[in-house]
Amino acid sequence: MAVPYNHRAIEAKWRTHWAEKPVNTNDGKKPKYYCLDMFPYPSGNGLHVGHWRGYVISDVWSRYKLLQGYYLIHPMGWDAFGLPAENYAIKHGVHPAISTEDNIRNIKKQINDISAIYDWDMEVNTTDPGFYKWTQWIFVQMFKHGLAYEKEFPINWCPSCKTGLANEEVVNGVCERCGSPVTKKNLRQWMLRITRYADRLLNDLDKLDWPEKVKKMQTDWIGKSYGAEVEFPIDGREEKITVYTTRPDTLFGATFMVLAPEHTLAKSLATDETREQVEKYIFDASMKSNVDRMQDKEKTGVFTGSYAINPLNQEKIPIWLSDYVLADYGTGAIMCVPAHDDRDFAFAKKFGLPIVQVIAKDGKEIEDMTEAYTEAVGTMINSGEWNGRESADLKVEAPAYIEEKGFGKKTVNFKLRDWVFSRQRYWGEPIPIIHCPKCGNVPVPEEQLPLMLPEVESYQPTGTGESPLAAIDEWVNTTCPCCGSPAKRETNTMPQWAGSSWYFLRYVDSKNDEELVSREKADKYLPVDMYIGGVEHAVLHLLYSRFYTKFLHDIGVVDFEEPFAKLFNQGMITGKNGIKMSKSKGNVVSPDDLVRDYGCDSLRMYELFVGPPELDAEWDDRGIDGVSRFLKRFWTLAQNSLEKNPPARDEVVRVRHRMVREITRRLESFSLNTVISGFMEYTNKLIDLAKDSDGAVDKETIETAAILLAPFAPHISEEIWEMAGHEDSIFHSSWPVHDEEAMKDDEIEIPVQVNGKKKAVIQVAADISKEDVIAAAKAAVKDKISGSIVKEIYVPKKTVNLVVKG
RNA sequence: GCCGCAGUGGCGGAACAGGCAGACGCACAGGACUUAAAAUCCUGCGAGGGUUAAACUUCGUACGGGUUCGAUUCCCGUCUGCGGCACCA
């Protein structure tokens, strides 16, 4: 007799069974499919329902691929270097390695509750010396190829974390991690020359099946622009000032020039009359933080007393200093065309500088300009030999013209800057460089890697620009591998991104001591086919990984240039009112209780049912009852049906094939929330049909439905599959295919519209002719038509519309 | 400021390619079963008008226009919310 659905017993049974007999096996013949989750930071807070969502999405996709006959690469690991573990160590004196290990153990247990088919043999941990050996090895290769270099300059500095930051880690002027305002600090830094890859990083975006939003964010971040560098001679001096402009067409309108206060010539341009003010301005600017500089929209500036010559018309134009010009973009100096640039206009107005319009707006010169005309549309005026030409054409042609005349050259510019790669903290990979007074910077010999992170007495960051490692004399003092002289080790560590920039390559060969990854395995199992994670890494991890992969390609480690063929960004699960779940807000929902009360299968389905997977969703526990009831209904139907197994009826078979088609279509388009509603919809239909045959449908229909359901609710599906008499796992069956013929109904419903408004629905034969269907439609609505029919429209199998006049 | 995305019942959301708006679920209400409750099952559930009840009917996908036989879907404009960038010359 019917056994009630007992999720606890069923789930425990299959979890054990799958652990003993894994369903994902590599016979060497199946094609591979690499489905990757962004690996988590093993936080002490454990997982909440939001983390679950991402892992469920990737597991559903993985199991679907399994059923399509692929050998799955579906690994999991730990991005375990980073500040929380270190801060915990500072507070409680527990070594980060120990707390990290505890956290991993705990989260692993929670991940186990998801019943995802991770291959734990591949597990990696970025803090494992066997792993960071290769993180360091990559750095050494970059050093040898001139991509890693040292530089001293004012970098972004977080005074709270007491470390330098990359540009990508500064969000609206504050530290991405802790929210403190970022200041500038002059520091000796290790840099990675990511800018050398700017063009390739930009161009190869075209090859990627990624959300457009992410591609656009990377495009904007790389920020390529086309223009010209123009040299302006300084009146009465030998030097020239080079500016970068994207609007060389407006060159005749340049009425002054502005240099960043940090520009190398800034000080020397001052005259005796202006020196005091100029030096004060430069000093004040150096004291401003990023936040101040961004908040002060009001322009400030100072006249240097010097003049430049506009090379095109020989006009003398004043040279000013202002902090609205950025020192590290372009050349740190600009030509100013107030008539055609908003910022220059504001500056000219404030300091009473001349404004010369060079592009006619709507065919004329504007009398009293109240705002800049910034579009490159219109005829040139006040522009010497360019008068009468179109601005849009000149914008393209002017760079070549300028180059020809010897005033400058055609050029491109990027917003992307080199990557500030050193951190002044303890819990990271030591940078494997030795500073030798004779040989300069020498990499730690590769056979000595990994360079182990030593034990320290105090994890406290020093704030001096050195990491806590600097306090360990016996570690710092070493000998030069080149010449044997006394030398000192680099004491900075790498940023957290170092390990995550390449970890996905390591999974497929995680225990290899000789190589980062063997070329054979890399060729066979890489790159990643599907990458699933949050959108917050759009310009951080995802850009860095692309850079690393391209470099590793260039030195022959791997054969491909892009690490992630397809990317899916899942939305965040929030608490009530869209508030991000956090311990401090007290709105964290743990999956643990829900798994206990409703079961893994129900929670997996509910995680998907809350809304479109790419959008954020507010968590509401109550909704889980809906999927839980669905699973019970399906269970009862399956049990009944397998017991009674009535003969297959046409109408049931039709529903079965429609279900296969719909579920597959929705799954393929990643509309996972509607896959779940589809299961409910079609199961309800089956239950309805089953009422005519003792509450049962044929066995094949149940088996088909179970396979469709298997990626979503693997335990109950496997149990039903077994009940149906199968000895092998349901995951060794294959994804069903629908049959168009078997789906067809003899009769279809056609809505009848009059002037576009539905007035009736008629039941007609599926193969009815246009004439017949229109005749039937007319008959159905004849009472509702007052005038005469002027037009008849029949959209086959969809609708009839009768256009009536009078 | 610039760029991108979104706006549909009490709520989450659905509608493939311009063709029955509100699937599926939650919540709610009524009923069946039960001594009772839970569970389960059945019914209803956008707003207004209409009727004893129905039939029927008008409006309705942020707002205002447009294209079309027909618009949640396409186009133009406006508003609101979210995200990204933010003096990038």
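Numbered from 1 within each chain, the chains take letters A, B, ... in sequence-line order.
By the 30° and 60° cut-offs, the orientation of the rings of A:H541 relative to A:H537 is perpendicular. Classification of the A:F670-A:F568 ring pair by plane angle, with boundaries at 30° and 60°, yields tilted.
Contact annotation for A:D220: no contact, since no heavy-atom pair falls under 4.0 Å across all strands. If you check every strand for non-hydrogen atoms under 4.0 Å, A:E749 touches a base. Within the 4.0 angstrom heavy-atom criterion, no nucleotide atom of any strand lies near A:S669. Counting non-hydrogen atoms under 4.0 angstrom, A:V610 reaches the backbone sugars and phosphates but no base. Residue contacts shown for A:R633 are limited to sugar-phosphate atoms, with no base heavy atom under 4.0 Å away.
Side chain of A:K415, nearest nucleotide from B:C85, B:G19, B:C20: B:C85. Of the candidate nucleotides B:G19, B:C24, B:A89, B:A89 has the atom nearest to the side chain of A:V325. For A:P612, the side-chain atoms get nearest to B:G13 when compared with the rest of B:G13, B:U57, B:C87. Closest to the side chain of A:K791, from the set B:C20, B:C69, B:G19, is B:C69. The side chain of A:T674 sits closest to B:A14 out of B:C20, B:C87, B:A14. Residue A:S225 has its side chain nearest to B:A89 when only B:A89, B:C87, B:C16 are considered. In the set B:G84, B:A89, B:C87, the nucleotide with an atom closest to the side chain of A:M217 is B:G84. The side chain of A:K216 lies closest to B:C3, out of B:C87, B:A27, B:C3. Nearest to the side-chain atoms of A:K632 among the listed nucleotides B:C24, B:A39, B:C87 stands B:A39.
Map A:Y329 and A:G626 each onto its nearest nucleotide of RNA chain B; the residue landing nearer the 5' end is A:G626. For the pair A:T245 and A:W221, both in contact range of RNA chain B, the more 5′-proximal nearest nucleotide belongs to A:W221.
A:D249 and A:S391 are linked by a side-chain donor-acceptor pair at a separation below 3.5 angstrom, with hydrogens and angles left out of the test. Side chain to side chain, A:W419 and A:E168 fail the donor-acceptor criterion of an N or O pair below 3.5 Å.
Partners of A:D597 under the salt bridge (charged side-chain N to carboxylate O under 4.0 Å, His left out) rule, at least two apart in sequence or in another chain, do not exist in this structure. In this structure, the salt bridge (charged side-chain N to carboxylate O under 4.0 Å, His left out) partners of A:D688, at least two apart in sequence or on a different chain, are A:K691. Applying the salt bridge (charged side-chain N to carboxylate O under 4.0 Å, His left out) test to A:E212 and every residue at least two apart in sequence or in another chain returns A:K215. Residues forming a salt bridge (charged side-chain N to carboxylate O under 4.0 Å, His left out) with A:R629 (at least two apart in sequence, or on another chain): none.
For the pair A:K778 and A:E792, the salt-bridge criterion is met [side-chain N within less than 4.0 Å of a carboxylate O].
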Could you write out RNA chain B as a dot-bracket string, with dots for unpaired bases, | for bases paired across to another strand, and Watson-Crick or G-U pairs counted at under 3.5 Å?
(((((((..(((......[....))).(((((.......))))).((((......))))..(((((..]....))))))))))))....

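Distances shown here put every side-chain N or O of A:K213 at or beyond 4.0 Å from the OP1 or OP2 atom of B:G4. An OP1 or OP2 oxygen of B:C24 is reached within less than 4.0 angstrom by no side-chain nitrogen or oxygen of A:N673. Dashed line: the shortest gap from a side-chain N or O of A:K757 to OP1 or OP2 of B:C59 is under 4.0 Å. Taking only side-chain nitrogens and oxygens, A:R629 never comes nearer than 4.0 Å to OP1 or OP2 of B:A39. A close approach under 4.0 Å does not occur between any side-chain nitrogen or oxygen of A:S322 and OP1 or OP2 of B:C87.
Under a cutoff of 6.0 Å and an axis angle of 45°, A:K350 and A:F347 do not form a cation-pi pair. A cation-pi arrangement, defined by a distance under 6.0 Å to the six-membered ring centre and an angle within 45 degrees of its axis, is present between A:K299 and A:Y324.
Taking atom C1' in both B:C79 and B:A86, the straight-line distance is 24 Å, to the nearest Å. B:A21 and B:A15 are spaced 7 Å apart, taking the C1' atom of each and rounding to whole Å. Nucleotides B:G44 and B:C26 are separated by 16 Å at their P atoms, to the nearest Å. Between B:U34 and B:C16, the distance separating the two C1' atoms is 46 Å to the nearest Å. Between B:U61 and B:A14, the distance separating the two C1' atoms is 12 Å to the nearest Å. Taking the C1' atoms as reference points, B:A37 lies 15 Å from B:A32, given to the whole Å. Separation of the P atoms belonging to B:G25 and B:U80 is 38 Å when rounded to the nearest angstrom. Using atom P as the reference point in both B:U72 and B:G60, the two lie 10 Å apart (nearest Å).
Side-chain atoms of A:K798 stay outside donor-acceptor range of the base of B:C20, with no qualifying N/O pair under 3.5 Å.
Summarising the geometry, atom CH2 belonging to A:W320 is positioned 10.0 Å from atom OH belonging to A:Y281; distances are rounded to the nearest 0.5 Å.
The stretch residues 678-695 of chain A touches RNA chain B through A:M680, A:E681, A:N684, A:K691, each having a heavy atom under 4.0 angstrom from the strand.
Glycosidic conformation of B:G12: anti, with the torsion beyond 90° of 0.
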